[in-house]
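Atoms within each ligand, like the ligands themselves, are counted from 1 in listed order. Residue numbers start at 1 and run along the sequence shown.
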Amino acid sequence: MTTFLAKIPNHFDLPRRINRLGELAYNLWWTWNPYAQRLFNRIDNALWERLNHNPLRFLRQVGRTEINAAAQDPIYLELYDRVFGDFDQYLKTIDTWCARTYKNRCKQMVAYFSMEFGLHETMPIYSGGLGVLSGDHLKEASDLGLPLVGLGLMYAEGYFSQRISEDGWQEAVNNPLNFDDLPVQPVLKTDGELLKITVNFPDRSVNACIWELRVGRIPLYLLDTDLDENTPNDRKLTARLYWSDIDLRIAQEVLLGVGGVRALRALGYEPSVWHMNEGHAAFLTLERARELVAEGIPFAKAAQKTRRNNVFTTHTPVPAGNDEFPLWLIDKNLSNYWGELGLSRDQFVDLARSKQAWGETFSMPILALRFSEGRNAVSELHGRVSRRMWQFLWPEEEAEDVPITSITNGVHTPTWMARRMRVLLDKYLGEEWAERLDEPSIWDKVEQIPDDALWSVRIHLKRKLAFYALERTRQRWMNGGYHPVQAIASGAMLDPYVLTIGFCRRFATYKRANLIFNDLERLLALVNQPNRPVQIIYAGKAHPADEPGKLLIQEVYRVVKKAENGGRMVFLEDYDMNLARYLVQGVDVWMNNPRRPNEASGTSGMKAALNGVLNFSVLDGWWREAYNGANGWAIGEDADLDAEIQDESDVASLYEVLEKEIIPLYYTGRNSENIPVKWVGHLRPARQRHDPGYPAPAVCGAR
Ligand SMILES: *Cc1c(COP(=O)(O)O)cnc(C)c1O
């Protein structure tokens, strides 16, 4: 179905018998196939870890002795042949879910635009949930055989890495990426020159080249303006994710929307569906209309024609996530463009005019909503909230009739489920479970997994997390400049056998990371109960320009540093996809207490659920739909309350449930082998199937 345009370079000096490792390094398929990962880490695990799981750097740096030994090791070669057998089969099969289910539509290409894509820790072109969702979307599309092409920006510096200073202040470290170390390749023309597209601004044109990244069967194209012919300022357009300078930000969005359409055209695509993952890409609607205007069709008609196959997903009701630009920026960046659409300035601004207390703006979500026929929010509650929020755009409709539906987000199971858990499910559910995870009956067999088998996987994952935190602490310590209290704050004292709660997410104020500090004495008493201690692990970044977010991190860090918590409260630096995997697999409870209904969906809790971690969360987003009374706990009620009342009632509920339910469940009801059988019972969602009105299992797939 999909064809990749770039050629895979063959610049590794590998023994002939295993020289396809270079090819594997250029397809992210290996990231969700544990046995493919083994092909690298079996050769030299220490190097693999040191290089942050980067196969390109690994293949360049691995020693001759190690690589030759692998090439002669029959066990390695058997694994190698099996993995490449699977890989080849995966790429060439035409018998996919999509082909079986939508025979006639499998050639209709979906273009998926997003400002960020979270695919792997070596590709830091994502900041958080939105990006990880885009990445999971590409991977799942690949597995299902959906004809899809991704479009985004290639950030030269990536998203920042986080360091926490001794007094708890977040320091942002920008790491220029070396594209040679990444599995991206420039798209070239037949003459060998870079394929480029041009976006015109009123005072200049900006060129961009295109990088190709392979995600299984799916190509992702990333635009890059760091070219000699561009001005220094324009070269910066793709330097960083989410510039807080709005002048750069709007130009980035013009590049993504307008440039993205031009790039797909230059690559030969004729998509049938154009999907905007959040409003950042909304200028694509205008560029598509402009293509028709250029053929002589009036704008109104062109917009009507193209609207039919535009799809927009809104991801947040929080204003900071809904970009809008003051009109002077529209003049500065688009005054050439409205003429090309055959519109006056006023007509153009009217397409997405929004009135704020401080003046008029041009709103990207309004543009996207008006010029898409498919519109969706990301959970049922978020759907309801979005219909109310945007009702003014459909003044003749009642709120419930506003045409915004909801599709609850999902996660890509093979990316987030621990290998051990997969092996366990293979054994008890049958190996085809992964192909059929949307069939409720497949989950009935979860009942048959013995307590000790399930718990031993849980203990293994908990130990892995504790060991990993310790190892990172050791690295930081050895690099110098680390205060002893920071070593304790970063997890040196973690005990894998203690009840462990994870609170890991972006530090945005609505997520209320400090809610649990409301009664600090009570919290410290809980953490320190002699026979039933509790560990709390924090992780997360704040946007570098988000001062309140950074202050929250500092507040958390100051509590974490208190000697009174006995090293049981910790903050792990630099939350990224790698750390996220350890955390969603290695804690016991995944806690989330956003101020409802701001979470929209949330996905990290789903990753946790896949690994037998119980959720303890406000009834917002996905959890409001998945919670069934037995697969975890609710904080607060399923009710719309004013912020202050909600803060109070949620904090009361949080302590109550922790003290009366979560801690006793973990520490009591253990059998003679010290397995908490009651706890383990809650990890098997199928147990509750007999309840009338039982909702979907807590284990959610991206379908
Ligand atoms: C899954 C994930 C997120 C999204 O988490 P939520 O808190 O559910 O929004 C953010 N960051 C990383 C690194 C993730 O893996």
Note to self: If the threshold is 4.0 Å, N to carboxylate O, is there a salt bridge linking Arg512 and Asp650?
What the structure shows: yes
Next item on the list: Just do the salt bridge (charged side-chain N to carboxylate O under 4.0 Å, His left out) check on Arg384 and Glu380 with the steps written out, would you?
Entry: CA-CA 6 Å; Arg384 189 170 7 116; Glu380 194 185 284; 5.9 Å; no
Checklist line | Arg506 (side chain) donor-acceptor with Gly128 (main chain) under 3.5 angstrom | finding: no
Note to self: Let's go through His275 and Phe113 carefully: what are the C-alpha distance in whole Å and the side-chain angles of both, what is the deciding distance for ring-ring contact (aromatic ring centres under 6.0 Å, His included) to 0.1 Å, and is it a yes or a no?
What the structure shows: CA-CA 6 Å; His275 190 149; Phe113 281 58; 9.7 Å; no
Notebook entry, point to check: Name the residues with a heavy atom less than 4.0 Å from ligand 1?
Noted result: Gly128, Gly129, Val132, Trp416, Arg505, Lys511, Tyr575, Asp576, Met577, Ala580, Gly602, Thr603, Ser604, Lys607
Checklist line | Separation of Ser653 OG from Leu658 CG (nearest 0.5 Å) | finding: 9.5 Å
Notebook entry, point to check: Does the distance from a Lys or Arg side-chain N to an Asp or Glu carboxylate O, for Arg472 and Glu573, drop under 4.0 Å?
Noted result: no
